[in-house]
Protein chains: 2
Amino acid sequence: MNEIEVFRKYVKESGLRNTPEREVIIEEIFLTHDHFDVDTLYLCLKNKKCSISKASIYRTIPLLIESGLIKEVFFEDGHMHYEHVLGHEHHCHFRCLGCGKIIEFKQDEVLDIEKKFSRSHGFEVTGHKLELFGYCRECLKKEGKDCKVSIVDRVNPN
Amino acid sequence: MNEIEVFRKYVKESGLRNTPEREVIIEEIFLTHDHFDVDTLYLCLKNKKCSISKASIYRTIPLLIESGLIKEVFFEDGHMHYEHVLGHEHHCHFRCLGCGKIIEFKQDEVLDIEKKFSRSHGFEVTGHKLELFGYCRECLKKEGKDCKVSIVDRVNPN
DNA sequence: ATTATTATTGAGAATCTATTGCAATAATAA
DNA sequence: TTATTATTGCAATAGATTCTCAATAATAAT
Ligand SMILES: [Mn+2]
Ligand SMILES: [Mn+2]
Ligand SMILES: [Zn+2]
Ligand SMILES: [Zn+2]
């Protein structure tokens, strides 16, 4: 079952309604595996001439979260970002301080840290969030210069 | 040299001016070792009858960051939180999803992760932010009940 | 197919918070 | 004391998100 089918099922089972607007939104979101934010998504659809109101986007996102399709990611730039969950294993992020680029990577050692902390404190650790930051290869070359290319993120980080 | 002296020095050397407002702000911030946010700090001073405008608080924080006294920590509840840097080693955080309590812990294994990622990508990693979350012992006992006690954080997490 | 029910939409208003403009004030230097 | 100008507090602004509400449209019932 792909994302769109999962969503349709969720909508149906929640007594909600499938609408063309919602279809357009999720089709766009799951077209790529990129992170996204509301504004970028909104402008993206606007450019494609299938404009959807921001209100509808804002109202669809909680549904996508509740149906387990996306989750919030925090990039500390003043607004919320989201990423895909279905078919995407948990991962960590590296953020380039030069160009804002986000790189995903997997790292099982964090689980050891979780266990260690859990044992030593008697707490239940249900998850973690790890973000590395520094400078990507391109930015190291340019030594401080701005680069605008974004690898997993179509959001322009300003 | 304590925090206040460091700050006075920084202000002087930057061609800025020491003011009673700034003194009040940093005195309050460094009175405890707690994390803090603007609103809590503002209300705290208001209660103590030494009210400072939020604008001044917002304008003082960058100075404190630039002088190496505090740094930004969380963003997850829509606004920024800060913690002390001077005299505080780098550490990670555990956040209790039940009561919002923040526990600090040190963990050198993260440095290995940094190195590993740095080598495999050819990037320069300058830092990391690791946050574990789950349930503290008290919340595990109470099984879902709310507890309001906060250990290192005077911020009420809502 | 028609009708009834009611969830959804879009536009804009409202809200909430971080930031900024500005005139008055006050810290520092001359 | 006076001049200079950084700082302050208030209010205005900006940006993200939520809400209001009348019009619309998806679904179920007939
Ligand atoms: Mn990601
Ligand atoms: Mn801390
Ligand atoms: Zn870069
Ligand atoms: Zn707890």
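Protein chains get the first letters and strands the later ones, always in sequence-line order, with residue 1 at the start of each. The figures that follow rest on heavy atoms only: side chains count, while hydrogens, waters and symmetry mates do not. Since the structure is predicted, the reported quantities are computational estimates derived from the model, not experimental observations.
- Side-chain polar atoms of A:H90 and A:H128 form a donor-acceptor pair below 3.5 angstrom.
- In terms of polar N and O atoms assigned as donor or acceptor, the side chain of B:R59 never comes within less than 3.5 Å of the base of D:dT8 in a complementary pairing.
- On a pure distance criterion of 3.5 Å, no polar donor-acceptor pair joins the side chain of A:R22 and the base of C:dT8.
- Closest to the side chain of B:R17, from the set C:dA27, C:dT17, D:dT8, is C:dA27.
- Nucleic acid contact for A:P20: sugar-phosphate only, since backbone atoms but no base atoms lie under 4.0 Å from a heavy atom of the residue.
- Two rings, from B:F94 and B:F105, have their centers 6.0 Å or more apart.
- Between B:L16 and B:M80, it is B:M80 whose nearest contact on DNA chain C lies nearer the 5' terminus.
- As the counterpart of C:dA30, D:dT1 is assigned, both hydrogen-bonding distances of the Watson-Crick or G-U wobble pattern falling under 3.5 Å.
- Of the candidates D:dG9, D:dA26, C:dT28, D:dG9 carries the atom nearest the B:S53 side chain, counting heavy atoms from C-beta on.
- Ionic pairing of A:E124 and B:R137 is not present here: no N-O contact between side-chain nitrogen and carboxylate oxygen is shorter than 4.0 angstrom.
- Rounded to an integer number of Å, the gap from B:F7 CZ to D:dT7 P is 9 Å.
- When both pairing distances are held under 3.5 Å, D:dT8 makes a Watson-Crick or G-U pair with C:dA23.
- Place B:Y58 and B:E21 on DNA chain C by their nearest nucleotides, and B:Y58 ends up nearer the 5' end.
- Side-chain polar atoms of B:E83 and B:H33 form no donor-acceptor pair below 3.5 angstrom.
- Going from atom CG of A:N18 over to atom P of C:dT6 covers 19 Å, rounded to whole Å.
- With C:dA27, C:dT20, D:dA26 as the choices, the nucleotide that has an atom nearest any side-chain atom of B:A55 turns out to be C:dT20.
- For C:dG12, the paired base is D:dC19 (Watson-Crick or G-U wobble, both distances below 3.5 Å).
- Rounded to whole Å, atom C1' of C:dT17 lies 16 Å from atom CG of B:L41.
- Looking only at atom types and distance, the side chain of A:Y82 has no donor-acceptor partner in the side chain of A:E72 under 3.5 Å away.
- Rounding to whole angstrom units, CG of residue A:L45 and C1' of C:dG10 are separated by 15 Å.
- When the P atom of C:dT9 is taken as reference, atom CD1 of A:I57 falls 11 Å away, rounded to whole Å.
- With C:dT28, C:dG10, D:dT8 as the choices, the nucleotide that has an atom nearest any side-chain atom of B:K12 turns out to be C:dT28.
- Side-chain proximity of B:S56 to the nucleotides D:dG9, C:dT19, C:dG10 is greatest for D:dG9.
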